[in-house]
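Accompanying notes for the structure given below.
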Amino acid sequence: MSDSNMNKSKLVAYAPASIGNVSLGFDLLGAALKPIDGSLLGDEVEVEIAEQFSLEVKGRFADKLPPDADSNIVTRCYQHFIKVLAQQGHKASAIPALKMVLHKHLPIGSGLGSSASSIVAALHALNQFFTEYLGKAPFTDNELLLVMGELEGQISGSIHYDNVAPCFLGGLVLMAEHKDQVALQLPCFKHWYWVSCYSGISVSTAAARDILPKQVPMADTIKFGRQLAVFTDALYRKDEELAAAMMQDVIAEPYRKSLLPKFDESRAFAEQNGALAFGISGSGPTVFAVCDNLQNAEKINQWLTDNYIQNDTGFSHICQLDQNGATSRHC
Ligand code: HSE
C-alpha cells in the first residue's frame, strides 16, 4: 500500500445499478445506469483493516436484508476472497482481517441488479484493497467477473452475467461466456436517455424465472437470434433506427408483464411519446424507456412517476449509461 493510501486506509467501492436483458438479450445483454442528476444509484462497500472480520449494513434498504451478517452476500464474497488468497499461497497470518460496511442503496427484488451491485462493490473493494496491500492483484478482471457470476447465481438460482458484467465493466455489455472473455463492451449512442422507473413492489428473480416456459418456439428462437445479431451490427455501424427497432423481448416480457401492474399502459404512453424502445429491466418490476432527447425522457419520466409507481418505495430516474462501472476511492 502506498504511503499516501496508508494515511487514508479506508477504501470505498461503488457499483452502479443495471438493466439486465435490455429486452432483446435475455441473460446475454446488460447496461449500467447513471442518473443524469448526479444522484447515486448503486451500492457502496467500505473496507478497512480491523482486529477481526465484521460486516455492518447501512443505507435506505438495509432493513430489507437478513439481520445476521453470515447470510449476507458480502460476507460470502469476503469468505470466498480469503479462501482464494490462501489457495494462492498467502499465509493466514499475513492477511489482515477487515471491517466491511455495506451501504444498501438499491431496493431488493427491483430488477435493477441490486444483489449484483452488492457483490460487485464487495469484490471490487476487496480486489483493490489487496492489490494495494500485497502489491499484486489477486484476480484479473475476467477472473473476478467469473466469481461475481458464481456468487450472483447463489442468489438468483442460475448463473447469468447480465447484471454483474455491466455493473463491473460499465456501459452496454454482451455476454461471451468464454472462460478467457466473459463479457464484451459494445458501443452505444451517447445521446440516448434511459428512463428507469421502479414501481416499489418486489419481484424475486427466481420466481420471475419460474414462470417462463422451459422451451422456446422455433419462430421466437429465430427472431431472438436475428434481433441480437442485427442490433450488435447496427451499434457498430451507428444505425440508430435499426438498433432501436431490434429492442423487443420475445422471451420474457409476454409472461412477466402479468406480474407488473400498469405495464401495458406504461408501454403505450412511452411509445406514443417518442420512446425508441420500452421494456422490463431484468426480472422487473422496474421498466425502462429509451429516448433520443431529454424532452421526451422528461415527459415519460413524469408519467411513470405519476402512474407506474405503486408506493413510497418507488422512484424514477432519467439515466445515461454509466461508462465507468465499478469505481473505488480512499477516504
Ligand atoms: N437475465 C435475468 C432474468 C436478469 O431476466 O432473469 C435478472 O437478474
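Counting from 1, the numbers follow the sequence of the chain as shown. Heavy-atom basis, side chains included; hydrogens, waters and symmetry copies ignored. Counting starts at 1 for both ligands and their atoms, in listed order.
- Taking the six-membered ring where the residue is Trp, Phe278 and Phe263 present tilted rings, their angle falling between 30° and 60°.
- Compare Val22, Ile19, Asn163 by their heavy atoms: the one nearest to atom 8 (O) of ligand 1 is in Asn163.
- With hydrogens and angles left out, the side-chain atoms of Thr140 and Asn142 include no donor and acceptor closer than 3.5 Å.
- Arg209 NH1, 2.6 Å is the protein heavy atom nearest to atom 6 (O) of ligand 1.
- For the residue pair Asn163/Ser18, the side-chain donor-acceptor check at 3.5 Å is satisfied.
- The distance from ligand 1 to the heavy atoms of Arg256 drops below 4.0 Å at these ligand atoms: 3 (C), 5 (O), 6 (O).
- Looking only at atom types and distance, the side chain of His105 has a donor-acceptor partner in the side chain of Glu44 under 3.5 Å away.
- Classification of the Trp192-Phe189 ring pair by plane angle, with boundaries at 30° and 60°, yields tilted.
- The protein atom (non-hydrogen) at minimum distance from atom 1 (N) of ligand 1 is Asp27 OD1, 2.5 Å.
- Closest to atom 4 (C) of ligand 1, if we only count protein heavy atoms, is Asp162 OD2, 3.6 Å.
- Close contacts of ligand 1 with Asn21, meaning ligand atoms under 4.0 Å from a residue heavy atom, involve 1 (N), 2 (C), 3 (C), 5 (O).
- A donor atom on one side chain and an acceptor atom on the other are not found under 3.5 Å apart for Glu150 and His80.
- Residue Glu152 has no nitrogen or oxygen atom sitting less than 3.5 Å from a nitrogen or oxygen atom of ligand 1, judged on distance alone.
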